[in-house]
Every structure is written in C-alpha cells, then in structure tokens.
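Note that the structure is a prediction, hence the values are computed from the model and not measured. For the single chain, residues carry numbers from 1 onward in sequence order.
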Amino acid sequence: MIDKLDEIDPNSVGAILYRPKDDVDRLLADFAQNIAQQGVRIGGIVQRHARSANGTHVMLAIDVATGQEISISQPLGSGATSCNLDTNGLAEAAAVVSKALRNKIDLLVVNKFAKQEAAGRGLRAEFVDAITRGVPVLTAVPKKCLADWRTFTAGVGTLLPCDRESLEQWWCEISTRRGRTFSPSCGYLGTMIPDRLMTTVRLSTTSSPKSPIGLFRRLRKQP
C-alpha cells in the first residue's frame with residue numbers, strides 16, 4: 001500500500017480496466033504517441049507482443065521516449081509457444097521508468113499493473129515512486145487483478161473503460177488542472193525525440209527500423 005495517499009490527487013492515477021479480449025497494449029501505445037506529438041512530456045513503457053522465428057511468443061517493453069525495445073520474456077524451451085517473464089528485462093524496464101521520473105515528465109505510462117506487481121514484484125516500486133511524487137500515471141489493470149490494485153492504491157485513482165474516448169477525457173481533465181491544453185485530434189510521435197524524427201504527413205519511408213517512428217508503427221500493426 002502507498003503511504004500518504006490523502007495528499008495525492010486521486011484523479012491523477014488512471015487505470016484502464018481490461019479483459020483478455022481487449023487490445024489494451026495498442027490502445028496505450030497509440031494514445032502515448034498521440035499526446036506526445038502535441039508536446040506532452042511523456043515517459044515510461046508500453047508493451048508489444050511478437051513471435052520469434054520459431055513461433056515462440058515474445059513480450060517486449062517499448063521505451064516511449066526513445067523507441068528502445070527491451071525483451072521482458074524468455075522462452076520456456078525448445079518448441080515452447082509461451083514464455084516466462086525475464087527478471088533482467090524487467091529490471092531494465094524499471095530503470096527506464098525511473099529515468100523518466102527523474103526527467104520531470106508530464107505523464108508516466110506503465111504498460112500494466114498485473115500479477116507481478118500484485119505480488120510485490122515487477123514495477124511495483126516504480127508505481128509507488130511515481131504516485132507519491134504526484135506524477136500523473138496511466139496504466140492498465142486486468143480485471144482479475146482489480147482487487148489487488150484497489151488494495152495497493154487504497155481505492156485512490158480513476159478506473160477507465162478500455163476505449164480511446166475515456167483516455168482522452170481523463171487526460172483533458174488532468175492537463176487542464178495542470179495548466180496544459182490537449183486536443184484529441186492530432187497525429188503521432190513523441191517529445192524527447194529529435195524534431196527531425198517527428199512527423200505526420202512528412203513521415204520518411206526510409207526511417208531506421210530502430211527509430212521510435214519505426215518501432216511504434218510496427219507496434220500498431222501487431223495483430
């Protein structure tokens with residue numbers, strides 16, 4: 001549980017409640033790109049699911065500020081189609097989140113609060129740090145972990161439906177209170193990324209596959 005919750009703006013913690021059929025990873029990634037293009041200083045990670053050459057399921061954490069890919073899973077063995085969480089990858093993802101908090105961002109996005117966090121592992125400490133600092137946080141919580149999330153936050157925060165309109169309304173309210181403006185009708189890409197890489201209609205078709213643009217575009221195309 002987080003200390004001094006009575007000093008925290010409860011609306012600054014947004015949690016998307018989702019079910020297995022919901023594509024919450026794509027929703028978060030698209031939203032992060034959208035508001036970053038408008039000058040919002042955003043940091044943290046989103047998640048991408050992929051398949052390796054042998055068909056093994058792979059989970060990647062994507063640094064929303066740089067586009068860096070971090071593998072957070074390891075295969076169970078030859079021929080396996082599922083994976084275990086990689087503690088080294090999780091530690092690297094946690095470092096990305098901590099660095100973002102030191103950069104005084106406007107919004108922290110953390111892909112989810114799930115079983116690892118509920119058990120006291122994963123990115124739980126980074127959630128505590130962000131919330132106690134008063135940094136607006138947006139995450140996703142699977143329905144099966146809702147009780148754990150409520151215990152962790154002592155009921156503080158705003159539960160959001162898994163849809164774009166709800167995220168935009170939540171962020172409009174947060175940004176207005178903090179003296180910022182937000183228009184939901186805009187393109188993609190991020191702050192903390194060089195201007196030469198930021199584009200909507202002038203997007204280069206020869207962008208490096210390691211650039212944030214290329215990584216986010218591939219993320220959006222995942223099934």
Side-chain angles (χ1 to χ4, degrees), residues 1-16 24-25 27-29 31-48 59-72 85-114 116-141 145 148-149 152-154 156-158 160 167 170-171 173-180 182 189-194 212 215-216:
M1 186 178 294
I2 303 171
D3 295 329
K4 299 181 180 179
L5 282 172
D6 56 334
E7 300 176 8
I8 298 167
D9 177 2
N11 295 319
S12 67
V13 183
I16 305 167
V24 70
D25 294 334
L27 175 65
L28 269 176
F31 180 72
Q33 292 178 80
N34 185 247
I35 66 170
Q37 194 273 340
Q38 298 187 51
V40 177
R41 294 171 299 179
I42 186 169
I45 56 173
V46 293
Q47 187 168 291
R48 175 186 170 208
M59 289 188 295
L60 300 171
I62 310 296
D63 182 341
V64 299
T66 66
Q68 176 190 4
E69 290 182 331
I70 303 168
S71 175
I72 56 174
L85 287 174
D86 181 359
T87 55
N88 291 331
L90 286 174
E92 192 173 349
V96 168
V97 173
S98 294
K99 181 179 179 180
L101 289 172
R102 294 194 298 271
N103 287 334
K104 298 182 180 180
I105 53 177
D106 298 318
L107 174 65
L108 179 73
V109 175
V110 182
N111 60 311
K112 63 187 62 174
F113 179 100
Q116 289 288 313
E117 289 73 26
R121 299 186 294 269
L123 300 181
R124 187 182 180 103
E126 287 67 35
F127 273 109
V128 172
D129 189 18
I131 295 172
T132 53
R133 284 172 183 254
V135 176
V137 177
L138 179 62
T139 189
V141 178
C145 293
D148 296 303
W149 171 254
F152 173 65
T153 61
V156 168
T158 301
L160 302 169
L167 299 194
W170 173 79
W171 180 243
E173 294 173 357
I174 297 297
S175 57
T176 297
R177 284 203 300 274
R178 290 173 173 258
R180 298 184 65 89
F182 169 65
L189 221 31
T191 55
M192 299 161 62
I193 298 174
L215 292 172
F216 273 124

Quick check: do I131 and V156 have side-chain heavy atoms less than 4.5 Å from each other? no
d(L123 CG, T139 OG1) to nearest 0.5 Å is 8.5 Å
Compare all side-chain heavy atoms of Q116 with those of L85 and state whether any distance is below 4.5 angstrom. yes
Quick one: does W170's side chain have a donor or acceptor within less than 3.5 Å of a partner on A15's backbone? no
Closer than 3.5 angstrom, by distance alone: can the side chain of D106 be matched with the main-chain N or O of R41 as a donor-acceptor pair? yes
Taking all atoms of both residues into account, what is the closest heavy-atom pair of A93 and I45, and its distance? CB-CD1, 3.9 Å
Between N111 and V24, does the side-chain contact (heavy atoms from CB on, under 4.5 Å) criterion hold? Intermediate values first, please. CA-CA 9 Å; N111 60 311; V24 70; over 6 Å; no
Close side-chain approach of Q47 and L60, heavy atoms under 4.5 Å: no
First locate atom CD of Q68, then atom CD1 of I62, and finally report the distance between them rounded to the nearest 0.5 Å. 9.0 Å
Checking T87 now: which residues fulfil side chain to side chain contact (heavy atoms under 4.5 Å, CB included) with it, not counting sequence neighbours? none
In this structure, CH2 of W171 is separated from OG1 of T176 (nearest 0.5 Å) by 10.0 Å
Set out, in order, the CA-CA distance, both residues' side-chain angles and the distance that settles side-chain contact (heavy atoms from CB on, under 4.5 Å) for L138 and L160, then state yes or no. CA-CA 10 Å; L138 179 62; L160 302 169; 3.9 Å; yes
Kindly compute the distance separating CD1 (I42) from CD (Q33), expressed to the nearest 0.5 Å. 9.5 Å
Taking only residues two or more places apart in sequence, or in another chain, which ones meet N88 in a side chain to side chain contact (heavy atoms under 4.5 Å, CB included)? D86
For R133, which residues count as a salt bridge (Lys or Arg N to Asp or Glu O under 4.0 Å) partner, sequence neighbours excluded? D129
side-chain hydrogen bond (donor to acceptor under 3.5 Å, both in side chains) partners of E117, counting only residues at least two apart: none
At their closest point, which heavy atom of G44 faces which heavy atom of A100, and how far apart are they? N-CB, 3.8 Å
To the nearest 0.5 Å, tell me how far T158 OG1 sits from E173 CD. 8.0 Å
Sorted by chain and number, sequence neighbours left out, side chain to side chain contact (heavy atoms under 4.5 Å, CB included) with A130 holds for L101, L108, V137
Between D25 and K112, is any pair of side-chain heavy atoms under 4.5 Å apart? yes
Contacts of A118 that satisfy side chain to side chain contact (heavy atoms under 4.5 Å, CB included) - sequence neighbours left out: F113, D148
Go through it in stages, so that I can follow the logic: the residues are L167 and I35, the test is side-chain contact (heavy atoms from CB on, under 4.5 Å), and I'd like the CA-CA distance, side-chain angles, deciding distance and then a yes or no. CA-CA 11 Å; L167 299 194; I35 66 170; over 6 Å; no
Is there a side-chain contact between V128 and F152, using heavy atoms and a 4.5 Å cut-off? yes
